There are 2 protein chains.
Amino acid sequence: MSQTVDRALSILPLLARGPADLGQVADELGVHKSTALRLLRTLHEHGLVHRQQDQRYRLGARLFALAQEAVENLDVREIAHPYLAALNERIGHTVHLAVYEEGEVLYIDKVESRYPVRMYSRIGKPVAITVAAVAKLLLADLPEPERRAVAAKLDYPPYTPRSTPNAAAFLKELATVREQGWATDLGGHEESINCVGAPIRGADGRVVAAMSVSAPNVVVTAEELLTLLPQVRRTADAISREYSGTAPTKDNG
Amino acid sequence: MSQTVDRALSILPLLARGPADLGQVADELGVHKSTALRLLRTLHEHGLVHRQQDQRYRLGARLFALAQEAVENLDVREIAHPYLAALNERIGHTVHLAVYEEGEVLYIDKVESRYPVRMYSRIGKPVAITVAAVAKLLLADLPEPERRAVAAKLDYPPYTPRSTPNAAAFLKELATVREQGWATDLGGHEESINCVGAPIRGADGRVVAAMSVSAPNVVVTAEELLTLLPQVRRTADAISREYSGTAPTKDNG
DNA sequence: CGTGCACGTTGCAGGTTGTGCAACGCTCAT
DNA sequence: ATGAGCGTTGCACAACCTGCAACGTGCACG
């Protein structure tokens with residue numbers, strides 16, 4: 001829409017491929033060297049490109065700083081909420097959103113049928129970390145040493161006969177979850193409650209949050225709940241796209 | 001230098017602070033809404049900004065992709081070499097450059113007085129990981145669980161009486177190195193050789209490489225070698241600035 | 001159910017601003 | 001010493017960006 005800006009921005013992916021000098025940039029843009037110079041100057045003033053010793057141009061530190069700042073100011077809950085509400089609207093069961101932080105997994109949002117309960121920002125309730133579907137999803141994505149360290153330090157309370165008994169079983173379960181890209185909790189926390197969950201990923205592919213749908217046995221059986229898995233996964237994927245800033249898809253899940 | 005591009009780029013830091021709608025962007029830029037719209041459109045076409053459900057604008061995924069691609073295409077060795085050569089020119093001793101990769105520390109460049117030896121790209125010689133100054137610097141920056149895991153798996157060969165004896169001593173040494181921001185190897189690998197080293201950091205502050213200066217006892221004592229530490233650190237810092245794309249400082253020292 | 005407001009969007013005329021050209025200085029290799 | 005290659009600068013032209021005003025839409029209000 002704006003020729004000048006369009007040209008200037010076209011320089012960025014060009015430089016991402018590696019350093020280039022003025023002539024190369026001008027050629028690839030199809031403009032005169034002096035034009036390329038002015039564009040590069042402007043980009044340089046904003047710190048987006050950096051001039052190295054040999055005078056060639058490269059992407060600059062500001063780019064990284066911007067990306068980092070943007071990530072820090074992203075609020076998963078704010079972005080996810082409409083999707084969670086829409087899913088809840090459709091299937092009626094309770095929907096949870098959780099994040100991992102410093103060895104703990106915390107609920108940061110929850111939508112119940114008819115009773116939307118807003119929980120406070122980052123300070124939610126700690127999750128039953130050894131059994132909850134969201135906890136498995138979040139821990140499964142940790143780098144191997146940290147995952148191992150966390151698993152070793154946990155207690156494994158026998159909430160029910162189906163609770164995760166120990167670290168070895170937990171790590172095995174995490175491997176499965178990591179593999180298949182979704183998780184369940186079938187009566188592992190409370191005998192009569194089942195959950196299915198899916199991960200929400202950031203632009204770099206790392207899991208930034210996890211969501212789940214929970215329902216008591218008396219309403220739907222575990223098998224029935226599992227039929228909702230595709231919807232849960234699609235919702236999680238939609239949130240991931242929105243969160244990571246990928247081109248939108250109207251599909252809310 | 002270019003007003004249009006200048007305005008367009010000014011939008012980025014603005015959006016990094018959080019989502020904003022058209023009016024806010026126009027106001028903060030001090031331009032008409034229609035102007036802001038066109039700029040945002042152009043940024044959007046390039047994927048640098050993303051439009052979320054509520055129509056507000058945010059930084060987009062392309063920004064992260066660019067930053068990542070740029071980092072991947074950065075070659076520490078290429079950037080560092082002139083600095084290493086300059087330092088070597090001044091002080092005469094051997095200068096090393098090393099990186100950490102998959103549990104190993106590898107030399108990727110080396111400049112000897114009068115005998116510049118170019119080593120092959122990424123495939124260099126593994127370092128005596130338990131004693132070398134560069135190894136300490138690189139391992140000291142690893143996340144705690146990985147650092148611990150690596151230290152536990154290593155052998156601790158008694159090259160000399162001053163070699164690091166075991167994992168506990170090594171981890172303690174790494175803590176010190178991490179604290180002080182530089183490292184030494186005083187006769188830990190070969191009785192008569194001393195080294196001082198400093199870390200090279202990327203835009204995010206993580207250590208991406210380490211450099212060191214080595215000299216035999218017969219040429220300079222350990223105390224004399226330590227007087228070179230400020231020069232080594234300044235060189236490492238200069239490389240860090242260049243590598244991370246920060247505004248340049250003419251000081252190569 | 002109508003009405004007004006707020007917001008995003010569009011076409012247009014005017015002139016600011018970006019463009020390409022040509023010439024200059026510099027470094028480096030011949 | 002000399003020329004090639006590169007980055008850089010001033011200038012005249014007109015292309016492109018700008019702000020305005022008007023339109024469409026969704027939403028909250030009476």
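Treat the numbers as computed from the prediction; the structure is a model and nothing was measured. Residue numbers begin at 1 in each chain, while the letters A, B, ... track the order of the sequences.
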Student: Under 3.5 Å, sequence neighbours excluded: what are the donor-acceptor pairs made by side chains of residues 201-216 of chain B?
Tutor:
from: B:R201; atom 1: NH1; to: B:G205; atom 2: O; distance (Å): 3.0
from: B:D204; atom 1: OD1; to: B:R206; atom 2: N; distance (Å): 3.1
from: B:R206; atom 1: NE; to: B:D141; atom 2: OD2; distance (Å): 3.0

Student: Looking only at side-chain N and O atoms, does B:R41 come under 4.0 Å of OP1 or OP2 in C:dT10?
Tutor: yes
Student: Could you state the CE-C1' distance from B:M1 to D:dG10, rounded to the nearest angstrom?
Tutor: 12 Å
Student: Could you pull out all residues at least two apart from B:Q55 that satisfy side-chain hydrogen bond (donor to acceptor under 3.5 Å, both in side chains)?
Tutor: B:R51
Student: Which protein N or O atoms sit under 3.5 Å from an N or O of nucleotides 5-8 of chain C?
Tutor:
from: C:dG8; atom 1: OP1; to: B:L22; atom 2: N; distance (Å): 3.1
from: C:dG8; atom 1: OP2; to: B:G23; atom 2: N; distance (Å): 3.4
from: C:dG8; atom 1: N7; to: B:K33; atom 2: NZ; distance (Å): 3.4

Student: Taking for each residue the nucleotide of DNA chain D bearing the nearest heavy atom, is the 5' side occupied by B:L39 or by A:H32?
Tutor: A:H32
Student: Through what angle, rounded to 10 degrees, does the axis of the helix from C:dC1-D:dG30 to C:dT30-D:dA1 turn between its ends, using five pairs per end?
Tutor: 30°
Student: Counting only heavy atoms not in B:E89, do more than 12 fall under 6.0 Å of its CD?
Tutor: no
Student: Contacts to DNA chain C from residues 2-17 of chain A, heavy-atom cutoff under 4.0 Å, which residues?
Tutor: A:T4, A:R7
Student: Would you please confirm or rule out a distance under 4.0 Å between OP1 or OP2 of D:dG19 and any side-chain N or O of B:S34?
Tutor: no
Student: Do A:T184 and A:N194 touch side chain to side chain, with heavy atoms closer than 4.5 Å?
Tutor: no
Student: Output the rounded distance in Å from CZ (A:R56) to C1' (D:dG5).
Tutor: 16 Å
Student: Any protein N or O atoms within reach of nucleotides 23-25 of chain D? Criterion: under 3.5 Å, listing atom names and distances.
Tutor:
none

Student: For A:H44 and D:dT8, give me the distance from atom NE2 to atom C1', rounded to whole Å.
Tutor: 15 Å
Student: How about A:H93 and A:V220: do any of their side-chain heavy atoms sit closer than 4.5 Å?
Tutor: yes
Student: Once side-chain hydrogen bond (donor to acceptor under 3.5 Å, both in side chains) is applied, do any residues pair with B:S34, and if so which ones, sequence neighbours excluded?
Tutor: B:H32
Student: Looking at every heavy atom in both A:Y57 and A:L37, which two are closest together, and how far apart are they?
Tutor: OH-CD1, 3.9 Å
Student: For B:D185, check side-chain hydrogen bond (donor to acceptor under 3.5 Å, both in side chains) against everything at least two apart and list the hits.
Tutor: none
Student: Sequence neighbours left out, what pairs pass salt bridge (Lys or Arg N to Asp or Glu O under 4.0 Å) with at least one residue falling in residues 3-23 of chain A?
Tutor: A:R17-A:E28
Student: What residues, two or more places apart in sequence or in another chain, satisfy ring pair (Phe, Tyr, Trp, His ring centres under 6.0 Å) together with B:H189?
Tutor: B:Y159
Student: Can you pull the salt bridge (Lys or Arg N to Asp or Glu O under 4.0 Å) pairs that have at least one residue in residues 55-67 of chain A, sequence neighbours excluded?
Tutor: A:D54-A:R56, A:R56-B:E78
Student: I need the CG-P distance between A:L29 and C:dG20, as an integer number of Å.
Tutor: 10 Å
Student: To the nearest Å, how far apart are B:R38 CZ and C:dT10 P?
Tutor: 10 Å
Student: Just to verify, what does A:S244 make a side-chain hydrogen bond (donor to acceptor under 3.5 Å, both in side chains) with, not counting sequence neighbours?
Tutor: A:T246
Student: Please give me the minimum heavy-atom distance between A:A133 and A:C195, naming the atom from each residue.
Tutor: CB-CB, 4.3 Å
